[in-house]
There are 2 protein chains.
Amino acid sequence: MSKKYKFAVIATDVVILAMDNGELKALLIKMKKKPFADSWAAPGGLVGGSESVDAAAERVLREKTGVSHVYLEQLYTFGKVSRDPFGRVVSVAYFALLPNIDVKLKTTNEYADVRWFPAADLPKLAYDHKEIIECAVNRLRAKLEYTNIVYGLLPAEFTLSDLQKTYEAILGRRLDKRNFRKKILALGLVATTGKKTIGEPNRPAVLYRFKKRSLQNIEVL
Amino acid sequence: MSKKYKFAVIATDVVILAMDNGELKALLIKMKKKPFADSWAAPGGLVGGSESVDAAAERVLREKTGVSHVYLEQLYTFGKVSRDPFGRVVSVAYFALLPNIDVKLKTTNEYADVRWFPAADLPKLAYDHKEIIECAVNRLRAKLEYTNIVYGLLPAEFTLSDLQKTYEAILGRRLDKRNFRKKILALGLVATTGKKTIGEPNRPAVLYRFKKRSLQNIEVL
DNA sequence: CCAAAAGTGTTGAACCTACACCCATGT
DNA sequence: ACATGGGTGTAGGTTCAACACTTTTGG
């Protein structure tokens, strides 16, 4: 870590988000090493010398959740000199959206634990990870309003109520059911699958799918 | 530049933008070294070992223009393995907005030339700088619509026509004068100074100022 | 007096918000 | 039968887009 030659360690931290029962959750790992023993943190890792930063973020995501081909976006780069007590580490943060919270959590012996936490109620976090996760949630919240990013948090088929609950959880406010459905259908981002939910103790709901599962800028709400 | 130890060089590139006579311009430097001799590029530099990435961007800006305390925002981090033929360099890009294009350009002997170019009509650029500058202009364009970021491109006192020309140049479309003025005044972001322009061969215009010169999220257009 | 840019209101259309009841299913 | 969430329309207010002429100055 020479000052003279201006080399630095580049790390990536990935804020992994998913909906769980109408609540936005973030995947955190519990650290073993001092000075952050028993602190929680977003999963991260060093960027390899012949690996792009994007590829490193995908790798970290895959190592922790086994998933790939999900929504993954670069968030911000955290470059304060003393953000890591081990030395000069610049972290390029990303956030990932999973369409399903039921992933096998691969708990290596590198970490003491891996768990989902409500994004609105996080434990004490190591490094500047509180700031990073808040940054991710703010970015997601902002993008909900002018893109179709929400597709990243929903499975292939979903009800309009699922969609509305996702919006409400992230925006932190209730939306009017009739106005919401009118707006969503008018935007033409979703199509019915023809199928309906079955086995629930109430009226079956029509299942929809996203016409396109790629990011598009559109006035959503 | 060891693969094993995962060290890398961290650089910062700063896209410096200013309005010039109703046109958005970007400050570029002409390079001397191969393989980019005589190519143009956004000003950049290496991040020092005991310097935050933000501070490095401020330094690069100051070295090229002599200015500080202007709008400066982190843009994106470019981390492809082969983006720089000299070796593994990860670049944290920023963009700066100057309220005035009349700055003394400090042309060191490090570069062959320093000049302003229309952002819509750039020369051949070194590295991935075309992508970086387009990214900056897109970010600026997007933020025009939901923040007061435009203050960064205007001097302390300006006319509503100056403001409108700035919007039009960056958005790339004409705006209706009456609707524009109605909207801007309704937002309450600007106040009159009481002064008027003098010495122009037409009716004097009232000079306005921004009430706050700090970034705020507001539905602007 | 001419050229140039400043300044100023209205109208119709589109959009947004608020709001309450019946429906289909499982238990 | 009852509990649960699914599904549907309208009316009033607000906002937006389109549009042309008069004013004030310098030359």
Side-chain angles (χ1 to χ4, degrees), chain A residues 19-23 144-146 148 150 154-155 157-169 171-210 217-221, chain B residues 19-23 144-148 150 154-155 157-169 171-209 217-221:
Chain A
M19 292 299 297
D20 180 25
N21 203 2
E23 194 175 28
L144 271 191
E145 310 226 16
Y146 68 93
N148 62 343
V150 70
L154 288 167
E157 303 189 339
F158 55 87
T159 68
L160 292 184
S161 293
D162 294 338
L163 184 58
Q164 182 174 348
K165 270 185 222 129
T166 304
Y167 270 91
E168 288 177 339
L171 296 178
R173 60 190 160 97
R174 301 300 310 275
L175 301 171
D176 180 86
K177 183 162 55 159
R178 280 177 288 195
N179 294 339
F180 180 80
R181 297 162 91 94
K182 228 180 306 174
K183 189 66 185 269
I184 292 295
L185 295 174
L187 283 168
L189 301 176
V190 299
T192 70
T193 61
K195 302 183 211 168
K196 294 191 172 195
T197 55
I198 49 174
E200 307 214 8
N202 50 39
R203 177 170 171 176
V206 172
L207 288 165
Y208 288 80
R209 62 180 174 81
F210 283 96
N217 286 325
I218 291 168
E219 265 312 315
V220 179
L221 297 185
Chain B
M19 291 300 296
D20 181 25
N21 201 3
E23 194 176 29
L144 272 191
E145 311 226 14
Y146 66 92
T147 72
N148 63 343
V150 71
L154 288 166
E157 303 189 339
F158 54 89
T159 68
L160 291 185
S161 294
D162 294 337
L163 183 58
Q164 183 174 347
K165 271 186 222 126
T166 304
Y167 270 91
E168 288 178 339
L171 295 177
R173 59 188 161 99
R174 302 299 310 276
L175 301 171
D176 180 88
K177 184 162 55 158
R178 280 176 287 192
N179 293 340
F180 180 81
R181 297 163 91 96
K182 229 181 304 174
K183 189 65 185 270
I184 291 297
L185 294 174
L187 283 167
L189 301 176
V190 298
T192 71
T193 61
K195 302 184 211 167
K196 294 193 175 196
T197 54
I198 48 172
E200 309 213 8
N202 50 40
R203 177 170 171 176
V206 173
L207 287 165
Y208 288 79
R209 62 180 175 79
N217 286 326
I218 291 169
E219 264 314 313
V220 179
L221 297 184

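Keep in mind it's a predicted model, so treat the numbers as computed, not measured. Lettering follows sequence order; numbering is per chain, from 1. No hydrogens, no waters, no symmetry mates; every other heavy atom, side chains included, goes into these values.
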message = So, under a plain 3.5 Å distance rule, would you say the side chain of A:K182 forms a donor-acceptor pair with the base of D:dT8?
response =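 Side chain to base: no pair below 3.5 Å.
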
Donor-acceptor pair under 3.5 Å, B:N202 side chain vs C:dA3 base =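 Per atom types, no contact qualifies.
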
Considering only [options], which nucleotide approaches the side chain of [X] most closely?
X	options	value
B:A205	D:dG7, D:dT25, C:dA6	C:dA6
B:D176	D:dC19, D:dT24, C:dA18	D:dC19
B:R203	D:dG27, C:dA6, C:dT10	C:dA6
B:P204	C:dC16, C:dA24, D:dT25	D:dT25

Send over the distance from [X] [atom1] to [N] [atom2], rounded to a whole Å.
X	N	atom1	atom2	value
A:L185	D:dG7	CG	C1'	11 Å
B:L207	C:dG7	CG	P	9 Å
B:R178	D:dA20	CZ	P	8 Å
A:L163	D:dG6	CG	P	12 Å
B:K183	C:dT8	NZ	P	19 Å

inquiry  = Under 4.0 Å, counting only non-hydrogen atoms across every strand here, what does A:S161 touch: a base, just sugar-phosphate, or nothing?
reply    =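 The answer is sugar-phosphate, as A:S161 gets under 4.0 Å only of primed atoms, P, OP1 or OP2.
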
